[in-house]
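Scroll down for the structure; my scribbles are underneath it.
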Amino acid sequence: MIKHVHVIGAGLAGLSTAVRLTHSGIPVTIHEATRQAGGRCRSYDDAASGMHIDNGTHLLLSGNYSSVDYLKAIGVTPDFAPANFRFVDGKTGESWVLRLGDGNLPTWIFDAGSRVPKTSLLDYLKLLPLLVGRTDRPLREVLDRGSELFRRLLNPLMVAALNIDTPSGSSRLAAQIARETLLRGGQACRPLVFEQGLSTAFVDPALAFLKERGANIHFEHEVEALTTSDQGLGALRFRDSEIAIEPHDAVVLAVPAYAAKALLPELKAPDQFRAIINIHYDLAPPSGSPFMTGVIDQTVEWIFAFKSRISTTISHADRLLTLPRQELAETAWREIANILEMDAPLPKWQLVRERRATFAATPAQNARRNETKTRLNNLVVAGDWTDTGLPATIESAIRSGQRAAELLSNR
Ligand SMILES: Cc1cc2nc3c(=O)[nH]c(=O)nc-3n(C[C@H](O)[C@H](O)[C@H](O)COP(=O)(O)OP(=O)(O)OC[C@H]3O[C@@H](n4cnc5c(N)ncnc54)[C@H](O)[C@@H]3O)c2cc1C
């Protein structure tokens with residue numbers, strides 16, 4: 001029986017581990033390297049622009065059941081919007097709304113009025129090999145890249161979900177995303193974006209839940225090394241102290257892939273990453289702007305119209321990392337102003353580059369993911385990069401943490 005667990009890292013994987021263990025009555029201590037919880041999913045007051053922003057606007061879907069469980073456990077009721085997605089084609093100026101309905105089967109593909117314009121039922125049926133294929137292959141071998149369905153739906157969807165250039169993406173990860181959302185109909189694809197910021201939903205309520213139940217949470221407490229032996233993990237080493245792992249204690253390593261590998265080189269872990277860029281503009285959108293717009297064939301990929309600001313997300317953004325920030329902010333603003341039909345000069349802005357936003361979702365990198373267990377009987381791993389079968393997402397991080405907690409609770 002485990003008596004106490006040390007969780008290293010207070011991102012969503014670490015927090016979900018801690019919430020699940022606390023729920024099972026197992027005492028927890030969290031060690032987080034930075035001053036703040038949330039990791040790659042966090043909000044902050046940006047001094048330069050005066051805005052309260054997220055490092056990146058995050059989208060959750062109602063089919064992300066592990067995340068929904070987590071939110072409910074910490075007392076947050078997710079309020080999903082209907083599964084209607086507006087798109088604008090930057091090449092032709094055409095716009096349409098993809099209506100997925102609220103059923104539990106993808107019946108919208110049979111309705112020409114709900115489908116992507118210029119696509120036929122046959123285009124969708126051609127996706128079957130992706131869903132039944134057993135080997136993990138690059139998507140270039142599975143998808144018809146010449147089709148309008150690819151250009152107008154599959155490509156933007158895959159770039160957003162896998163954060164990779166679609167042709168190199170993993171067919172297995174793409175298929176799993178489809179199984180958990182699109183194939184389960186509109187009821188599993190209802191979107192949720194956090195108007196008040198990510199931390200108000202995922203982080204602050206979790207910290208309150210944990211503190212109320214006696215968890216110890218240490219910020220600026222980076223684990224610098226792990227002491228191991230044949231018996232298992234012996235100690236956690238910090239800059240000026242060490243904590244011995246007692247016989248009935250366990251440790252969950254819930255840090256990003258590169259940090260986990262640095263602490264324990266024997267772990268399997270992805271070693272290639274992809275960037276995401278978000279730009280936030282300090283201007284309220286015109287009234288009636290759709291909350292979320294997918295943009296085809298432009299620099300910006302998604303536009304989010306919050307109450308008092310406009311944000312845009314660009315995934316698989318490594319190609320833009322060397323571009324001057326001002327130039328990118330201006331280009332993106334021109335596109336946004338055009339799409340939202342605004343005649344407004346560039347407002348105050350902030351651009352956030354997350355260089356290692358997610359691991360590269362290729363078949364080769366997907367094969368480098370560690371299972372929850374490790375060779376050391378008192379150490380398990382969690383994180384969006386562990387072998388959850390999903391790309392690096394909130395859902396993957398939270399599910400990995402729940403798995404780690406369950407494994408320990410059952411020991
Ligand atoms: C810009 C951006 C946009 C995104 N958009 C979406 C989206 O729309 N939808 C979606 O589902 N997902 C999205 N993601 C992915 C999602 O944010 C991540 O998959 C998820 O937050 C990863 O959580 P994690 O706990 O696995 O890792 P992390 O968030 O990286 O947490 C790890 C924690 O460990 C800490 N740590 C590291 N080393 C040590 C150490 N030695 N000792 C102690 N602590 C340590 C870190 O400080 C960090 O707090 C996005 C990510 C980014 C960056």
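Atoms considered below: every heavy atom in the structure, side chains included; atoms not considered: hydrogens, waters and symmetry mates. Start at 1 and go down the list; that is how both ligands and their atoms are numbered.
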For Leu162, does its backbone N or O pair with a side-chain atom of His316 as donor and acceptor, under 3.5 Å?
-> no
Distance flag, aromatic centroids of Trp108 and Tyr124, threshold under 6.0 Å
yes
N or O contacts of ligand 1 with protein under 3.5 Å, please list pair by pair.
unit_1, atom_1, unit_2, atom_2, d
ligand 1, 8 (O), Leu59, N, 2.8
ligand 1, 9 (N), Leu59, O, 3.1
ligand 1, 11 (O), Ile394, N, 2.8
ligand 1, 12 (N), Ile394, N, 3.3
ligand 1, 14 (N), His58, NE2, 3.3
ligand 1, 17 (O), His58, NE2, 2.7
ligand 1, 19 (O), Asp384, OD2, 2.7
ligand 1, 19 (O), Thr393, N, 3.4
ligand 1, 19 (O), Thr393, O, 3.3
ligand 1, 25 (O), Leu12, N, 3.1
ligand 1, 25 (O), Ala13, N, 2.9
ligand 1, 26 (O), Asp384, N, 2.9
ligand 1, 27 (O), Arg40, NH2, 2.9
ligand 1, 29 (O), Arg40, N, 2.8
ligand 1, 30 (O), Arg40, NE, 2.8
ligand 1, 30 (O), Arg40, NH2, 3.1
ligand 1, 41 (N), Val223, O, 2.9
ligand 1, 42 (N), Val223, N, 3.1
ligand 1, 44 (N), Ala33, N, 3.1
ligand 1, 47 (O), Glu32, OE2, 2.6
ligand 1, 49 (O), Glu32, OE1, 2.7
ligand 1, 49 (O), Glu32, OE2, 3.1

Report yes if the distance between the aromatic ring centroids of Trp302 and Phe85 is under 6.0 Å, otherwise no. no
message = Just checking Glu266: does its CD atom have more than 12 heavy atoms from other residues, nucleotides or ligands closer to it than 6.0 angstrom?
response = yes
Fill in: Main-chain N/O of Thr362 paired to Asn366 side chain as donor or acceptor, under 3.5 Å
no
Any chance the side chains of Thr34 and Glu32 put a donor and an acceptor closer than 3.5 Å? yes
